[in-house]
Structures are given as C-alpha cells and as structure tokens.
Amino acid sequence: MYQFNYHKPESVGEARSLFQDADDPMYLSGGMTLIPTMKQRLAAPTDLIDLSGIPEMTGIDVSGGKVTIGAFTPHNLVADSAQVRGTLPVLAEVAGLIGDNQVRNRGTIGGSVANSDPAADYPAAVVGLGADVVTESRTISGDDFFKDLFETELKPGEIITKIEFPVPTRAAYRKFPNPASRYAVVGVLIADFDGTIRVGVTGAGPCAFRASGIEEVLNDNLDPAALDGVEVPDAGFNSDLHASAEYRAHLVKVMAKRALEDLLNG
Amino acid sequence: MSEAEVQSDTGIGAPVRRREDVRFITGAGNYTDDINQPGQLYGVFCRSPHARARINAIDTSEALAVEGVVGVLTGADMVADGLGDLPCGWLVKSKDGSDMNSSPHPPMAATVANYVGEPYALVVAESTYAARQAAELVMPDFDELNAVVDLGEAPHSEQIYEGIEQNLAYEWALGDEDATRMAFARAAHVTSIDLTNNRLIPNAMEPRACLGAYDAASGEYTLYTTSQNPHLERLVLSAFVQVAPEHKLRIIAPDVGGGFGSKIFIYAEETAVIWAAGKVKRPIKWVADRSESFLSDAHGRDHITHAELALDDNGRFTGLKVRTTANLGAYLSTFGSSVPTYLYGTLLAGQYKTPNIYVEVQGVYTNTAPVDAYRGAGRPEATYVVERIVEQAARELGKDPADLRRMNMIQPEDFPYETPVALVYDTGNYEASLDRALELIDYDGFEARQARAAEDKKRRGIGFACYIEACGLAPSKLAIELGAGVGLYESGEIRINPTGSVSVFTGSHSHGQGHETTFAQVVSDKLGIPYEDIEIIHGDTGRMEFALGTYGSRSLAVGGSALVEAAGKIIEKGKKIAAHMMEADAENVDFDNGQFVLQDSNQALSIQEVAFASYVPADYPEDLEPGLTAKTFYDPKNFTYPAGTHIAEVEVDIETGVTTLVNFVAVDDFGHIVNPLIVHGQVHGGVAQGVGQAMLEHGIYDEYGQLQTGSMMDYCLPRADDLPDFDIDTTVTPCTHNPLGVKGCGEAGAIGSPAAVINAITHALGNKDISMPATPEKVWRAIQGE
Amino acid sequence: MKISLTVNGEACEVDVSNNTLLVDILRTHLGLTGTHVGCDTSQCGACTVHVDGRAIKACTVIAPQADGMNVTTIEGIGTPDDLHPMQEAFRECHALQCGFCTPGMIMQAIDLVENNDNLDNRSIREGLEGNLCRCTGYHNIVRAIQSVADGG
C-alpha cells in the first residue's frame with residue numbers, strides 16, 4: 001500500500017472541504033473494497049478522508065413510510081435490525097447476503113452504493129425499491145444514480161449521507177453468487193408497490209438497472225409463469241470467467257422468477 | 001468400548017486427540033513468517049509481466065536510490081556468482097531410449113523469462129514497504145516474444161527452447177503396444193473418451209515464505225522455509241545450485257501451513273534469498289502474497305487425454321489404450337517429469353484385471369507456471385481416465401456400473417498381482433470396499449431419491465470411482481533405475497534419554513498430518529513407554545539424519561516403519577543390558593509392554609531402568625556401548641496400494657445448472673490405522689480438494705499467458721457451504737511388506753473423488769459429457785444442448 | 001502516527017505509518033502472531049479477530065481506523081490450561097490440521113455461535129463463507145461448532 005495522508009473529519013462539511021483541498025483524495029467508509037484495492041497498489045489516493053467520525057451518518061430510522069439508513073451503517077446492523085426486519089425485510093435480507101460476516105461487520109451501505117460495483121448487492125435494492133440517495137447537497141433518485149461500471153451520478157467530493165427506501169407492499173431478492181468471490185453474478189430484487197412492480201437487477205450489466213421488460217410483463221400479470229415467454233436481451237451484459245452474457249441473461253430470468261415466487265409466497 | 005476407555009488409550013488404533021493442536025488453537029504455532037531475526041531485511045521479487053520475454057538489460061539505479069534499499073540482485077548476478085540451475089530430480093527417458101530434454105532453469109531469469117510471475121530480480125530493503133517501492137522502480141528492458149500457452153497446440157507451436165523440438169520434454173511410453181493393439185482388434189466393444197484434467201493451483205493456506213541468514217564467523221547458512229522436505233532442499237541448494245556446502249547449510253521447516261505437494265519443490269525464492277543473505281550478510285525474510293502464490297507455486301494436473309477401452313462379449317476389459325499430453329509448464333520443476341509418467345501410467349490398471357495396457361505420454365513445455373505434484377500427483381489423473389471410461393462403458397453396454405466394475409476386479413486370491421504397467425499389487429479386497437460403499441450410499445434407494453428430486457425439477461445422479469494408488473514411495477533401487485535422482489527411504493532415530501523420556505527424530509515432515517501424535521502413538525506402542533513421555537522432532541537438517549520428507553502418502557508407511565525398526569533395535573540392545581543386570585542370557589529375556597522380563601522367573605526391569613543403566617553403566621556388559629539410542633534408514637520393499645470406492649450423489653438444478661453434491665461416501669482400505677481420527681480427517685480434506693477439482697477449481701491462462709485466475713476472487717476454492725458432510729468408512733487388508741501393515745491415507749480423497757463426482761453429474765445429465773470443473777454455466781449449456 | 005488500542009484487554013500504543021494494517025500491528029508490533037495472513041484480497045479469513053466482540057478481517061483495517069479499537073485475538077480467548085469452549089471443541093473434533101486457518105476460523109466460529117440461535121449444519125456452513133480451510137474439508141469444523149452451539 002502506498003503512503004497517504006489521513007483525515008478524520010467530524011462533519012460532512014469538514015469532509016467536503018478536506019476533499020477540496022487535497023490532490024487526489026478518496027473517502028474511506030468501511031474500506032472493504034478500497035483497502036484491498038490499495039493493498040494491491042491499484043488505487044493510490046494522496047489523501048484518505050475517513051467518514052467514520054461523523055455521527056449522523058450512522059443509524060437506522062423507520063418513519064414516514066420510509067426506511068432510512070445512514071450511509072456509514074454497516075451491513076450487519078441492517079441485516080440484524082429488528083426495525084428493518086419488521087418493516088422492510090427484503091433490505092435486511094439483501095444486507096445479509098453481502099460478502100461474508102466479517103465484511104458485513106465493517107462494510108457500509110454508503111460505501112457499497114457509491115462504489116457502484118457491478119456485482120454488489122445493495123444497488124439492486126436501491127434500484128428495485130426506488131430509493132432516494134441523499135447527499136449533503138441534494139437527493140438523487142435511485143433510478144438515476146448508477147451510471148456505468150463504478151460510475152455514479154455523484155460529483156467529485158459529493159458524499160452520500162443516507163439512503164431512504166420507500167416501503168413496498170411486499171418484495172423479494174434472489175442472488176446467484178459468484179462461486180469464488182461471492183459477489184452477485186446476478187441478483188434480482190422485485191418489489192410490489194400496491195400493484196406496481198419494480199425490478200432491480202445487479203450483476204448482469206455494467207451497473208445496477210431496472211429490468212423494464214420484466215416489469216411490464218409483471219405489471220400485467222403477476223405470475224411467475226408470465227416470465228416464461230420474456231426475452232432478456234444480453235446486449236451489453238457482463239461476460240467473464242464465471243458467466244457469459246448469455247448465461248447472465250438467462251439467470252436474470254430465473255432469479256426474477258424465483259424472487260417472484262418468494263414474493264407471492266410471502 | 002466406551003469413550004473414556006478410548007481416551008485413555010494412546011496406542012496404535014486409538015483416536016488420540018492431537019497434541020500439536022494446543023499450540024495451533026491458542027495462536028502459538030510457529031510458522032516461518034512468525035520467526036524474526038535481529039537486523040533482518042525484507043525481500044520483494046520483481047516478476048515477469050510477460051509470458052515470454054527476452055531480458056536485454058535491467059536498470060536498477062532508481063531502485064537502489066530508494067531510502068532503505070540495501071541491494072537489488074538479478075538473475076544475471078546469480079549466474080555471475082556461478083550458481084547452478086534448479087534441477088529436476090527425475091530423469092525420464094523417451095520411448096526411443098533418449099533422455100528427456102531439460103530446459104535450462106536458472107533460479108531467477110537471467111536472459112529470458114518464460115512465464116508470467118517468473119522472478120528476475122530480488123530487492124532487499126530495511127522494510128517491505130521500501131522493497132516494494134523500489135521493486136516498482138526496477139526497470140527491465142524486455143523484448144516480448146511469442147508465448148506458447150495452449151497445451152494441445154504446443155507441439156505445433158513456436159519452439160520455446162533452442163534444441164527442444166516440438167516443445168517436447170519427452171515422449172514416454174509404458175506397456176505392450178502390440179499386445180494391446182491385438183486386444184482391440186479382437187474386441188467386442190470399444191469405448192472411447194476424450195478428457196481434460198484441469199490445471200489446479202494448490203493454495204495451501206500458508207503462503208510460501210523463507211528467512212535466510214548467514215553467519216560470517218562460522219560460515220554457516222540457516223534457512224527457515226515452508227518445506228515438506230528440508231533435507232532435499234539442502235541437498236539441492238548445496239549439490240546443484242551450490243549456494244553453500246551441505247555441512248554449512250541448515251534448513252529448518254518449522255510449522256508449515258499445509259503443503260499438498262506444493263512445498264516439496266525447490267523454488268527460486270528461497271534459493272535467491274539464502275544466496276542474497278550471504279551476499280548482504282544480513283538475514284532476509286520473504287513472504288509470498290497470495291497473488292504471488294497463484295503465479296509462482298507449482299501448479300497441478302493439466303492433461304489432455306484420449307483413451308479407449310476394449311471389452312469382450314461378457315464385458316470383461318481386454319485392453320486399454322491411453323494417449324496423454326501433459327503440461328509441464330515452462331520448466332521442469334523438482335519432480336515435474338515423474339508425475340505424468342511413473343506416477344500416472346503405472347496406475348492405469350486401476351483395480352482391474354485388464355490384461356493389455358499401453359500408454360503414451362507427451363510431456364510438453366508451455367509458457368506457464370511449472371506443473372508438478374499436487375495431492376495425488378499422477379494418480380488422480382490415472383483414476384480419472386480409468387474410472388470415467390469404465391463408467392462410460394457401463395452406460396454404453398447398459399450394465400450397472402457397480403456390476404461391470406465388480407466382474408473385472410482383481411480378486412483377493414490373485415495377490416500378489418502383477419499389472420501390465422509395471423506394478424505388483426501386494427494385497428487388497430476391492431469388492432469389500434465397493435460393497436460397503438454401496439451399503440452406505442443406499443444404492444438400492446437411489447431410484448426413489450431420483451424420482452423425488454425430479455418432482456423438485458432437480459436431476460439426481462450417482463457416480464462411482466473405484467480407485468487404486470501407489471503410495472509409500474518406494475524401493476530406492478527401483479526408483480533410481482527408473483530415473484529418480486534420490487533414494488526413497490526414510491530415516492528415523494529413537495533416543496531413550498537417561499530419565500526414560502524419549503526423543504524421536506523423524507525425516508517425515510508434518511504440515512498438518514499430525515505426526516507428533518501418531519508417531520508418538522507408534523513409539524509408545526512398540527516400546528511400552530507412556531505416550532506423554534515421547535517427543536517427536538522433525539523438520540530440521542541440524543537435528544536429524546538425512547531424510548526424504550513428506551510426499552506421496554509415505555510418512556507412516558516409510559517414516560513410521562523406520563521408527564518401528566529403530567524401536568526393534570532399542571529392544572534388542574535393551575535385552576542385552578537387561579540380561580546382564582538380571583544375570584541371565586539375552587535370549588532368555590522377553591520384551592513386553594515396556595518390561596524386560598526374564599523367562600520363567602518373576603524378574604523384570606522396565607525400559608526406563610534399563611535406559612538409566614545404559615547411561616550410568618556401572619553394572620554393564622563389557623562389549624556394549626553405553627546409551628540407548630537407535631537409528632534406521634528404512635527402504636520400502638514395494639509401494640503400498642491403498643484402494644477403495646468413492647460414490648458421489650448430486651442434484652442438478654435444471655434451470656440454473658447449479659450442481660449440489662448431496663451425498664458423498666468414501667470407503668478406503670488403508671491397511672492398519674494408527675489414529676482413525678486423523679485418517680478420517682485426511683480423507684475429508686482430500687475429498688474436498690477432489691470435489692474442488694471436479695466442480696470449482698480451474699487455473700486458466702489467456703492466450704497471452706496471463707493468469708486469469710490469479711486470486712481467490714476468481715480461483716474458486718471450496719468453502720464450507722459447497723460441501724456436504726462426508727460419509728466415510730474403512731476396510732482393512734494390511735500391507736504385507738511394512739512392519740505396521742499401513743498403506744497411507746493422505747491422497748486417497750483427492751484421487752477417487754473427481755471421477756466419482758463427474759460420473760454422478762454426467763449420470764444426472766443423461767450421459768452428456770462435462771469437463772472439469774463442472775461449473776453451473778457448463779452444466780446449463782449441457783442441458784440446453786439436449 | 002501514534003495509535004492507541006486495547007488488545008486482549010490491555011491498553012497498547014504503537015507508532016506506525018498510516019498504511020500499516022491492523023494485522024501487521026498485531027503480528028509485528030505487538031508480537032501476536034496467532035493472527036495469520038493467508039491472502040491479499042480479504043477472502044481467506046485467516047486474519048479474523050474480534051473488534052468490540054464482532055468478527056472482522058484484520059487485513060482490511062488500516063492503522064488510523066484501528067485507533068481506539070477494542071480488539072480480541074486468538075491469544076486473548078483462552079490459554080492451554082484454560083481453553084475457550086470453541087478451542088476445546090476444535091481439538092476434540094479434530095477440526096484442524098495444519099493450523100494456519102484455525103485462529104481465524106475459531107474467531108469467526110465464536111461470532112457465529114454468539115450471534116445466531118438454532119444453528120444447524122447448513123447455517124454453520126453458510127456462516128463460514130468468509131473463512132477458507134484447505135485441509136479439513138470443513139467436516140470436523142462444522143462438527144466442532146455444532147457441538148458448541150448445542151451447548152457442549
């Protein structure tokens with residue numbers, strides 16, 4: 001790991017100004033991706049700005065028909081939260097499928113979402129549930145947040161402070177893990193908002209996206225069998241050692257079907 | 001026997017809880033990276049980013065300017081110092097009688113780098129950080145050359161080494177070609193199969209590491225290293241590489257975190273480090289990152305094979321023809337040449353009376369990491385060929401695969417049985433293992449389980465592997481005749497101390513096998529000395545006799561036998577001392593459970609009393625030396641032949657192609673068992689690695705020779721939730737030629753399981769072929785192809 | 001930088017560079033070599049320790065993050081004469097061979113048992129997804145953890 005300057009701001013404002021003043025800074029949240037990347041010398045920020053010292057960024061709030069997760073909240077806090085389990089169980093389930101237990105004790109929702117790893121789990125929830133990504137300066141719709149491979153709507157220095165999830169009538173998530181890394185080869189989250197269906201997909205493409213074709217079919221007919229005839233085009237899908245684009249497209253359909261079965265079976 | 005009784009028993013056959021565990025579970029293990037020396041430096045290697053490149057020059061000036069850097073040493077510096085190549089320890093001859101073509105193998109690349117990850121320079125600095133910083137500033141001038149990567153194409157590709165045509169190290173053959181051809185001419189049925197045996201990357205959990213030190217005052221070198229066989233390391237570094245004279249070089253292999261073969265070999269890194277320690281006159285430590293392990297540990301397997309099996313009208317095997325292309329990687333690693341030849345072709349008879357067998361093996365160079373022994377080493381590859389083709393034949397003939405195997409098995413009355421591929425099996429009862437395995441898997445209930453699975457849109461399949469292996473490697477004379485550069489005996493020494501406690505020195509190295517426990521059980525049993533009073537010492541060339549170390553499931557069969565023979569010598573000497581003390585003749589003294597008993601009397605002396613007398617020889621035989629110690633070099637009379645039946649049952653998810661191993665039965669015949677707890681553990685671990693090969697693991701290079709599976713993010717090691725509980729049992733036919741009647745158990749799990757798992761998957765898929773590893777996408781595609 | 005942390009109940013201060021990993025603080029600066037490094041991608045779990053009672057990977061924490069942490073390592077949970085029940089179970093069930101993954105495996109196993117009710121074979125296996133063992137095939141590790149989960 002290269003040398004770097006380390007900062008631990010106590011407020012979002014302080015973090016922003018530290019960012020502005022540094023040459024090539026990066027924010028450090030849980031560090032579950034960033035630290036291994038730095039260890040491999042694949043990332044070399046001049047300055048690391050640790051967000052762990054900003055108290056208001058950690059925590060879970062359930063009110064106003066929303067579940068709000070502070071950006072610095074570790075995955076296991078979400079997975080184990082009685083409030084989340086009671087109100088938005090699918091989010092607890094998604095959080096509980098990320099990485100492994102040790103990673104879930106350190107990794108944070110803000111770090112995961114900001115990184116926009118194509119195979120991360122949380123992005124499926126942000127997209128599938130239509131969450132709002134709140135930064136220090138604005139609110140970004142989940143539909144607009146993920147742009148491309150490791151690219152998001154965030155501007156340089158912008159900090160996710162919390163993510164607000166609307167609560168659907170019911171929802172379910174199915175993940176097909178990469179056998180080696182346990183990231184999602186494909187993950188599909190289906191949410192039913194009083195009859196309106198949203199489908200968030202991670203793993204398959206360069207970033208998480210809504211599967212509008214599947215949504216259309218399910219809005220007409222909320223039946224797993226309805227998905228049999230759906231074509232999931234694989235254009236632009238990821239293709240690697242573990243799964244071709246074609247196989248990923250197939251898995252999107254299968255995972256969607258299984259998520260829907262879970263959703264219908266409550 | 002109640003649990004309490006078992007606990008109190010520490011002799012042969014008792015499931016003694018391991019004594020080494022106490023240090024490991026409390027974090028007090030002493031692995032190479034846990035050892036430090038005052039003033040030590042840290043080494044980082046510069047490794048070739050190219051699969052094949054000429055090294056025109058290396059500019060080290062910027063690197064040397066980094067604060068804390070003590071030196072940058074290159075492959076050319078090693079050559080200039082007159083250091084020799086890393087040798088291959090087994091000379092294989094081609095079928096035309098010519099010697100194998102050995103490529104030059106400098107410890108660090110000096111003129112050409114031949115695989116990605118090959119070291120060409122060592123940076124030595126006051127900290128790992130400084131060494132890493134400097135390593136990035138070492139500037140090599142490379143001319144990239146065309147790399148030969150594809151194994152099948154390698155013999156027709158550009159020549160990697162001058163003078164080695166078709167990139168062939170050898171074209172080896174075994175068996176009677178003409179007789180086999182005749183058998184096929186007369187065959188009623190011929191089954192053909194094409195197989196690949198996937199490249200594996202061993203991944204012992206402890207990465208390789210070393211700490212080299214030079215003492216200028218004495219001229220002695222000390223090398224702590226992650227080795228399965230420190231004496232072999234010393235021999236090679238002194239006799240071949242010529243780092244230091246053998247008597248001035250001490251190799252210590254402390255606690256070693258797993259080996260599986262990958263820590264047998266003499267690698268570039270420890271060679272360069274111990275040499276560099278002498279040059280800079282300070283200790284140097286190097287610890288591999290896992291990424292380096294992926295690139296530079298010797299890989300395993302990597303064969304392409306075409307095989308044909310001839311059968312007569314009754315389904316009896318009449319001939320087997322096998323043609324294999326084996327990847328040796330860029331260099332012949334320490335035993336790389338022997339693995340796809342003598343450890344492979346000789347095993348192709350399996351458990352069967354196939355009368356005619358002929359095998360040809362092309363050993364091929366490619367611009368990839370060297371390939372050498374990995375758990376099983378040749379024998380899993382042979383078992384995979386035999387057991388896949390036999391299963392395939394059963395399906396083609398519509399016969400039950402268990403029945404077809406049974407009717408072709410060598411029977412107990414046939415032993416000793418000489419195979420057409422040069423081995424003489426001493427003993428076995430293959431049907432006993434098969435029968436027990438069928439019982440454990442509930443073979444009769446399979447169809448009902450299959451039907452239930454179908455209701456859940458799952459396809460259930462069952463697959464067999466009846467394997468044999470040759471272990472306890474083996475008579476030195478035979479091995480040396482076949483090309484081995486070293487003997488294959490093992491040393492052992494027992495010292496009864498004056499107070500009656502015992503120090504046992506064994507050449508067998510333990511890196512997970514539990515020798516400190518089992519060997520103490522053996523010595524306790526033979527000498528009647530309390531288990532707690534016996535200490536097992538291993539892994540240090542400064543403390544024990546020359547030894548060959550641990551590989552090929554040989555520790556108990558060879559190293560353990562050495563201790564039994566040493567115990568016999570102790571008893572013989574003890575009888576003379578005891579006879580003198582009891583004023584009797586030695587022939588009238590019996591030894592029983594720690595007591596020297598005078599026949600027809602009530603006189604007896606304990607071995608501890610006799611030991612004390614031997615060191616305080618007041619009342620002592622005049623013609624006898626003081627002391628009670630004995631040393632043995634045990635050279636086996638034959639290989640041992642563990643064998644057994646593995647049965648796998650899988651369920652395939654038709655929609656996703658995900659295969660779940662739902663049941664795995666292993667019934668093995670390891671001969672007598674010293675510690676069943678440890679033996680079962682060895683089987684569990686071996687099976688997990690075999691299942692990993694069958695379903696998860698694959699070392700993949702791209703067309704440019706870049707390793708695609710260079711981390712645990714992409715190379716899939718089995719995790720707990722990839723595996724079921726294993727159902728294992730043993731049968732016993734004692735080995736006929738060693739004093740313990742033991743055969744060895746370390747590799748069996750990895751040998752039998754890959755074929756069993758793939759046979760189960762192809763069974764589930766209606767006999768569609770599938771290559772290892774059977775990943776979900778491959779299985780899904782096979783299903784789609786219907 | 002100087003950082004203060006509590007390790008196995010004892011307050012410690014070390015002077016290290018920013019880019020030092022917690023696992024290196026433990027191994028190199030505090031001499032607690034029971035915590036191992038088996039990979040460089042945070043996959044193997046050999047470096048697992050507890051921070052405030054929960055399992056984390058010490059190879060993925062940098063020194064400044066460790067400032068103020070309350071860390072427990074394998075050396076802090078039991079001694080040869082007074083083993084933690086999980087250590088005892090690992091020995092009793094032959095849940096280790098080479099021992100290299102063992103400290104991390106035990107630390108994760110303790111987290112698993114302390115934070116989950118009704119553990120069965122499947123959930124124990126899933127709970128070990130962050131820890132690799134190359135020797136045991138996990139069979140006896142699962143047995144050991146089950147025995148502790150079942151109350152001994």
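All chains are named by letter (A, B, ...) in the order of the sequence lines, taking the proteins before the strands, and each is independently numbered beginning at 1. Keep in mind it's a predicted model, so treat the numbers as computed, not measured.
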Portion of Tyr715(B) that has a non-hydrogen atom of chain A nearer than 4.5 angstrom: backbone

Is it the side chain or the backbone of Lys253(A) that comes within 4.5 Å of chain B heavy atoms, both, or neither? neither

Between Pro718(B) and chain A, which part of the residue has a heavy atom less than 4.5 Å away: side chain, backbone, both or neither? neither

So which part of Thr128(B) gets closer than 4.5 Å to some heavy atom of chain A, the side chain, the backbone, both or neither? neither

Relative to chain B, which segment of Gln40(A) carries a heavy atom at a distance below 4.5 Å: side chain, backbone, both, or neither? side chain

Check each of Val199(A), Asn219(A), Val201(A) against Ile214(A) using the side-chain contact (heavy atoms from CB on, under 4.5 Å) test, and report the only one that passes. Val199(A)

Short side-chain to backbone donor-acceptor contact, Arg104(A) and Leu77(A), under 3.5 Å: no

Using heavy-atom distances under 4.5 Å, tell me whether Tyr2(A) contacts chain B through its side chain, its backbone, both, or neither. both

Answer yes when Asp234(A) and Arg248(A) have at least one side-chain N-carboxylate O distance shorter than 4.0 Å, and no when they do not. no

Backbone of Tyr701(B) reached by a side-chain donor or acceptor of Gln708(B) within 3.5 Å: no

Whether Arg182(A) and Asp722(B) form a salt bridge (side-chain N of Lys/Arg under 4.0 Å from carboxylate O of Asp/Glu) is what I want to check. yes

Do the side chains of Lys175(A) and Val94(A) get nearer than 4.5 Å, heavy atoms only? no

Considering only heavy atoms, which portion of Glu136(B) lies under 4.5 Å from any heavy atom of chain A: side chain, backbone, both, or neither? side chain

Using 30° and 60° as the class limits, which term best fits the ring planes of Phe209(A) and Phe237(A): parallel, tilted or perpendicular? tilted

For the interface with chain A, which of Met712(B), Met713(B), His698(B) has the highest count of heavy-atom pairs at distances below 4.5 Å? Met713(B)

Interface check, chain B: of Leu241(A), Leu251(A), Asn178(A), most non-hydrogen pairs under 4.5 Å belong to Leu241(A)

salt_bridge(Glu118(B), Arg47(B)) N-O dist < 4.0 Å: no

Check whether the side chains of Ser244(A) and Glu777(B) place a donor and an acceptor atom closer than 3.5 Å, and report yes or no. yes

Among Thr775(B), Asp653(B), Thr709(B), which has the most heavy-atom pairs under 4.5 Å with chain A? Asp653(B)

Which bit of Ile700(B) is near chain A, if near means a heavy-atom gap under 4.5 Å: side chain, backbone, both or neither? side chain

Chain B contact via Asp240(A) - which portion, at a heavy-atom distance below 4.5 Å: neither

Between His242(A) and chain B, with a heavy-atom cut-off of 4.5 Å, which part of the residue counts as in contact: side chain, backbone, both or neither? both

Structural part of Met1(A) lying under 4.5 Å from a heavy atom of chain B: backbone

